[in-house]
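By convention in this document, chain letters (A, B, ...) are assigned in the order of the sequence lines, proteins followed by strands, and residues within each chain are numbered from 1.
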Amino acid sequence: MPHLAVNNLRAKYGALEVLKGVSFSIEKGQVVALVGPSGSGKSTVLRTLVGLTPVTGGNVTIHDDKIDYASSGSLRRARDQMAIVFQQYNLFQNMRIIDNVTVAPVKIKKRPKDEARADAERLLAMVGLADKLNAFPDQLSGGQQQRVAIARALALHPEILLLDEVTSALDPELVNEVLDSIRQLAKDGMTMILVSHEMAFVREVADKVVFMDGGSVVEEGLPEVLFDAPKTDRAREFFGKILRH
Amino acid sequence: MNYNFQYGVVWDNFGALMEGAWLTFQLGVFAFAGGILIGLLCASIKTYGPWPLRLLVDTYVVFITNTPALIQIYFLYFGLPELGVRWSNEACVLIGLVLNAGAYLTMILRAGFLSVRKNELEAGLTLGFSVVQQIRYIIVPHIAKAVYPALANFFIVVLVMGTSVGALIGVDELTGQAINLSSINYRWLEYFSVVAVIYVVLTFVASVGLALLGRWAFRVRVRIF
Amino acid sequence: MERILEQIPRFFTADNMALLLQSAGLTLAMTVAGCVIGFGLAFVLVYLRQTPGRWALPLRVICVAYVEVFRRIPFIVVIYLVLFFIQTVASNASLFTIAVISICIYAIAYTAEIIRGGLESVPLTQMEAARAMNFGRLRTLVTITLPQAWPVILPPAIAFAVSFIKDTALVSQIGVFELTFRGKELNNQGYSGILVFGTIAMCYFLMSFPLSMLGQYLEKRLATPRSEQSARKIRRT
């Protein structure tokens with residue numbers, strides 16, 4: 001039984017169908033990477049999983065338990081199990097770093113304040129930001145903000161972590177510090193679905209790569225297989241272009 | 001609440017209310033037009049004039065915008081006769097509203113003047129426009145576009161808040177008519193609710209008209225709501 | 001002209017000035033009470049207006065209509081409607097209460113638009129991040145959106161309240177002893193209109209001008225991003 005399974009998922013932005021039946025699954029402790037050209041619907045998959053983009057068809061199951069996105073209770077349970085990190089970090093601009101990380105555990109998960117704080121300090125130390133607890137987001141660099149965002153997501157103790165192009169808004173020299181944090185998580189056995197353009201990184205950490213184009217999955221498989229010997233023309237064309245650079 | 005609404009008497013006098021609405025509309029238009037003239041003059045002085053005149057304009061704007069229009073009109077109506085200047089109540093309201101609107105319009109137009117950026121003028125010069133051509137084809141359209149939404153909005157303010165002040169010195173515009181008529185037969189709630197609806201319709205028609213005018217004359221989008 | 005000069009010593013007596021001060025206080029009290037309560041209720045209106053779902057459509061329409069209608073009715077008409085409505089429902093309500101309710105009704109319509117604009121100035125992604133972490137609508141508003149919207153909401157809201165000090169002159173019509181009413185009273189007692197309304201105008205000016213300056217100062221302060229604020233603090237020490 002897969003940890004999470006996406007079956008024939010469909011979603012619309014207004015009249016435009018951005019997901020035309022997407023299916024894939026992820027086992028516990030696996031890292032799955034969604035790759036593909038921009039506009040292929042990768043990010044929409046993640047947004048749909050946490051209920052930010054409405055589902056118009058298909059379904060998602062966690063441990064064989066179907067998520068009903070129309071029911072607030074079911075959606076709340078799903079959001080309890082998944083945490084998302086956004087491309088633009090989306091840290092709460094009005095809160096200090098430490099509060100960004102503790103606000104949801106304390107106010108939503110009702111965990112004791114000092115316990116949440118100790119946890120947050122541990123996580124911020126893990127991403128190398130132990131000295132920034134009292135800074136505000138706009139006082140940090142993009143890479144630092146993104147590492148806070150990762151700590152904030154981990155503080156929710158999610159079963160599955162969703163990473164949406166977490167390095168594409170960063171300056172090149174800041175990319176590595178964020179990738180290091182993710183590498184560490186993969187080593188620790190975190191279940192992750194990540195959308196990324198960093199092909200070398202995907203190849204290194206992903207257990208499975210799902211190649212999407214035009215709102216559907218074109219091909220999926222092990223990174224080595226997909227990168228070096230894709231079966232479909234579309235994938236061959238895409239990876240050929242990317243890897244030549 | 002056991003109040004019996006009786007609208008019959010209001011319909012009997014609906015014609016008088018419409019006369020009031022017509023006067024409201026006229027007062028609004030004339031006050032606004034007069035205010036625009038003062039506003040253009042004062043905004044030009046603020047932008048290009050010598051400092052004593054600028055100071056004068058500043059004083060005018062600061063005093064008018066920080067005191068109630070009603071007091072300004074009372075000053076004209078109750079105060080000026082002591083100096084031998086006697087105007088009718090309509091004249092006092094209109095002159096008071098023109099002076100009042102002039103100050104606010106000075107601020108609005110001044111902001112528009114300031115929004116013309118230097119590089120646009122330089123672009124005009126390099127294209128070989130004469131000064132008149134520059135004003136005609138670059139400056140005026142630019143300012144019109146920049147200030148039109150604020151002007152349209154302010155017209156509604158004059159039409160509603162401004163003109164109704166006249167009722168307090170006995171001008172028979174829409175609110176004044178409502179006060180006159182309802183003090184005859186005490187159907188206050190009926191009269192004033194109908195008058196409220198007339199104001200909403202009147203300003204709504206004005207808003208739509210201004211939006212269409214803006215789109216046609218200056219290619220500006222003005223929100224009606 | 002001589003009449004005015006001759007009246008000056010009789011007009012500027014301690015008694016008259018005390019009356020004016022008292023009336024100015026009433027003007028301010030009405031404005032503050034009406035605008036503060038109205039501001040609070042405007043939040044409720046905006047919150048209701050943002051209720052999602054098809055079943056809430058009538059609610060949203062009512063909220064939009066309220067704002068649109070009351071921005072198109074003169075304040076004096078609102079005052080009369082409130083006065084006669086309240087008198088048919090509760091005949092013992094004080095004129096002050098009626099004035100405050102009228103100001104409130106008006107302030108809700110105007111500040112609701114200010115609040116909505118402020119809330120919409122906060123990037124949608126902030127709310128999305130909160131929703132993804134299971135924040136409810138109200139909690140998102142209180143802990144995430146509002147703290148970021150204050151700098152956009154407060155300056156125009158204060159400007160509205162300050163400018164409404166002047167509009168309260170209209171409640172003199174129903175007999176509240178505020179500044180304008182006092183002015184008419186003194187004028188009726190035979191004091192020169194120029195003297196009386198000049199002085200009353202000065203009183204309004206002395207309330208309105210400093211407060212609007214304060215509002216502008218606040219606007220500049222609030223508009224400074226936090227990073228620059230802290231930088232300034234460091235430089236100062």
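- The shortest non-hydrogen separation linking C:Ala107 to C:Gly34 is CB-O, 4.1 Å.
- The side-chain heavy atoms of C:Leu95 and C:Leu83, taken from C-beta on, include a pair separated by under 4.5 Å.
- Contacts of B:Ile179 with chain C are made by side-chain atoms alone, with heavy-atom separations under 4.5 Å and no backbone atom involved.
- Ranking C:Asp167, C:Leu81, C:Ile76, C:Ile165 against chain B, the residue ahead of the rest is C:Leu81, based on heavy-atom pairs under 4.5 Å.
- Using a 4.5 Å cut-off between heavy atoms, B:Tyr77 makes no contact with chain C at all.
- Top candidate by heavy-atom pairs under 4.5 Å with chain C, chosen from B:Trp188, B:Phe75, B:Phe63, is B:Trp188.
- Proximity of the aromatic rings of C:Phe164 and C:Phe75 is defined here by a centroid distance below 6.0 angstrom, and this criterion is met.
- Only one option out of B:Thr163, B:Val171, B:Leu174 pairs with B:Leu23 in a side chain to side chain contact (heavy atoms under 4.5 Å, CB included); it is B:Val171.
- Aromatic ring pairs are classed by plane angle as parallel below 30°, tilted from 30° to 60° and perpendicular above 60°; the pair B:Phe25 and B:Phe155 is perpendicular.
- The NZ atom of B:Lys46 lies 12.5 Å from the CG atom of B:Leu53; values are rounded to the nearest 0.5 Å.
- One N or O on the side chain of B:Gln72 and one on the backbone of B:Thr67 form a donor-acceptor pair closer than 3.5 Å.
- Looking only at side-chain heavy atoms (C-beta outward), B:Leu105 and B:Ile38 stay at 4.5 Å or farther from each other.
- With B:Tyr191 contributing its side chain and B:Gln177 its backbone, the two residues share no donor-acceptor pair below 3.5 Å.
- A 4.5 Å side-chain heavy-atom check between B:Phe154 and B:Val147 finds every atom pair outside the cut-off.
- B:Tyr74 contributes no side-chain N or O that, together with a main-chain N or O of C:Gly193, makes up a donor-acceptor pair within less than 3.5 Å.
- Taking 4.5 Å as the heavy-atom cut-off, the residues of residues 200-212 of chain C that approach chain B are C:Ile200, C:Ala201, C:Met202, C:Tyr204, C:Phe205, C:Ser208, C:Phe209, C:Ser212, ordered by number.
- For the residue pair B:Glu82/C:Ser192, the side-chain donor-acceptor check at 3.5 Å is satisfied.
- Looking at C:Gln7, its side chain does come within 3.5 Å of a backbone N or O of C:Gly190 through a donor-acceptor pair.
- In this structure, B:Asn66 contributes its side chain and B:Val62 its backbone to a donor-acceptor pair below 3.5 Å.
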Side-chain donor-acceptor contacts of residues 192-203 of chain B below 3.5 Å, not counting sequence neighbours, with atom names and distances?
from	atom 1	to	atom 2	distance (Å)
B:Ser193	OG	B:Tyr7	OH	2.9
B:Ser193	OG	B:Leu189	O	2.7
B:Ser193	OG	B:Glu190	O	2.9
B:Tyr199	OH	B:Glu173	OE1	3.4
B:Tyr199	OH	B:Thr175	OG1	2.7
B:Thr203	OG1	B:Tyr199	O	2.9
B:Thr203	OG1	B:Val200	O	3.1
B:Thr203	OG1	C:Arg72	NH1	3.2

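- Within residues 179-187 of chain C, the residues having any heavy atom under 4.5 Å from a heavy atom of chain B are, by residue number, C:Thr180, C:Lys184, C:Asn187.
- Using a 4.5 Å cut-off between heavy atoms, C:Ser172 touches chain B through its side chain atoms alone.
- Within residues 42-62 of chain C, no residue has a heavy atom under 4.5 Å from a heavy atom of chain B.
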